[in-house]
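What you see is a predicted model, and the numbers here were worked out from it, not measured in a lab. Protein chains get the first letters and strands the later ones, always in sequence-line order, with residue 1 at the start of each.
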Amino acid sequence: NAGVTQTPKFQVLKTGQSMTLQCAQDMNHNSMYWYRQDPGMGLRLIYYSASEGTTDKGEVPNGYNVSRLNKREFSLRLESAAPSQTSVYFCASSGFHGSNYGYTFGSGTRLTVV
Amino acid sequence: RKEVEQDPGPFNVPEGATVAFNCTYSNSASQSFFWYRQDCRKEPKLLMSVYSSGNEDGRFTAQLNRASQYISLLIRDSKLSDSATYLCVVNRVDSSYKLIFGSGTRLLVRP
């Protein structure tokens with residue numbers, strides 16, 4: 001099983017460019033999440049989708065948009081990248097929102113905005 | 001103040017040592033608790049859930065103190081392969097039910 005797959009693994013953008021981070025899971029999970037991780041800050045939730053057809057803002061949604069394309073896929077879009085968005089981005093999924101079983105994470109996307 | 005606080009470390013211990021990490025959380029509505037492990041430049045992986053009565057998984061023991069709002073992780077007989085960052089995670093009982101991550105405690109186990 002692949003689990004949670006993220007693409008790309010690395011990306012360098014210029015300020016103002018746009019891009020979409022892709023995430024897909026093959027575990028038939030209902031809920032999916034996008035986090036960013038910065039040194040000393042821990043993981044911070046950007047957006048989440050508790051179930052197919054719904055999306056909600058997390059702790060740090062500004063500058064991002066998301067699409068829950070279907071049950072498997074949840075994409076994160078940066079419309080106009082800024083240096084402050086340089087970070088490692090992780091997608092995660094869980095069986096149900098509020099699950100006591102924790103999350104499964106993808107391997108991450110390392111994004112640098114110059 | 002962060003909702004989940006951890007000592008960043010690093011904790012530098014010899015192989016075979018016992019080491020303990022603590023974590024405090026500020027929101028009393030927190031319901032579920034976890035320890036995740038994150039290796040350098042890798043994704044977090046679930047190490048163990050933390051139950052009210054405390055629980056053990058091999059060399060790892062997790063404890064929860066709801067009254068004082070802290071969680072602990074004890075690692076016995078440390079191995080070189082235990083070197084990683086350990087993330088304390090809580091799940092709030094409110095309309096959001098989102099996982100809240102601590103910044104992590106780094107452990108270095110030396111030969």
Side-chain angles (χ1 to χ4, degrees), chain A residues 1-7 9-10 21 23 25 27 29-51 54-61 87-112, chain B residues 1-10 21 23-27 29-53 55 57 62 64 71 73 84-106:
Chain A
N1 271 345
V4 179
T5 302
Q6 288 183 239
T7 56
K9 292 189 183 302
F10 301 93
L21 281 64
C23 176
Q25 52 89 11
M27 298 173 286
H29 281 172
N30 288 294
S31 304
M32 298 184 73
Y33 307 83
W34 276 106
Y35 283 86
R36 61 178 288 174
Q37 186 173 35
D38 302 293
M41 300 291 292
L43 285 115
R44 292 182 292 169
L45 183 64
I46 305 171
Y47 271 94
Y48 68 101
S49 172
S51 60
T54 69
T55 60
D56 285 284
K57 294 179 180 179
E59 186 183 357
V60 288
S87 188
V88 181
Y89 291 85
F90 288 103
C91 177
S93 70
S94 68
F96 295 95
H97 191 47
S99 166
N100 287 327
Y101 298 100
Y103 296 176
T104 300
F105 283 85
S107 58
T109 295
R110 282 172 171 72
L111 175 67
T112 301
Chain B
R1 184 189 171 192
K2 293 179 182 177
E3 187 165 345
V4 178
E5 301 245 30
Q6 296 183 252
D7 181 341
F21 310 134
C23 160
T24 58
Y25 61 95
S26 60
N27 193 320
S30 299
Q31 178 187 41
S32 305
F33 308 89
F34 309 90
W35 283 101
Y36 277 71
R37 171 194 169 124
Q38 186 172 25
D39 292 295
C40 187
R41 302 181 71 80
K42 299 285 189 181
E43 72 272 23
K45 293 184 178 178
L46 180 63
L47 179 66
M48 58 196 301
S49 300
V50 186
Y51 302 121
S52 296
S53 56
N55 49 296
D57 184 0
L64 169 63
I71 307 152
L73 177 68
T85 297
Y86 291 84
L87 307 176
C88 175
V89 185
V90 305
N91 186 345
R92 289 204 304 262
V93 179
D94 58 14
S95 60
S96 58
Y97 282 95
K98 296 185 289 290
L99 290 189
I100 308 297
F101 286 79
S103 301
T105 297
R106 191 169 173 214

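If you tally non-hydrogen atom pairs under 4.5 Å between each of B:G104, B:G102, B:P44 and chain A, the highest count goes to B:P44. The greatest number of non-hydrogen atom pairs below 4.5 Å with chain B, out of A:R44, A:Q37, A:E59, is found for A:Q37.
Listed here is the closest heavy atom pair of A:R110 and B:R41: NH2-CA, 2.9 Å.
From B:I100, atom CD1 reaches atom CG of A:L45 across 7.5 Å, with rounding to the nearest 0.5 Å. Atom-to-atom distance recorded for A:Y35:OH and B:L99:CG is 4.5 Å, nearest 0.5 angstrom.
For B:R37, the CZ atom is densely surrounded, since the number of other residues' heavy atoms within 6.0 Å is greater than 12.
B:Y36 places a side-chain N or O within donor-acceptor distance of the main-chain N or O of A:Y103, the cut-off being under 3.5 Å.
The ring-ring contact (aromatic ring centres under 6.0 Å, His included) test applied to B:F21 returns B:F11, B:Y86, not counting sequence neighbours. Judged as a side-chain hydrogen bond (donor to acceptor under 3.5 Å, both in side chains), and not counting sequence neighbours, the contacts of B:S103 are B:K2.
Of the atoms belonging to B:Q38, it is side-chain heavy atoms, and not backbone ones, that fall under 4.5 Å from chain A.
Checking A:Q6 against B:E43 by side-chain atom types alone, no donor-acceptor pair falls below 3.5 Å.
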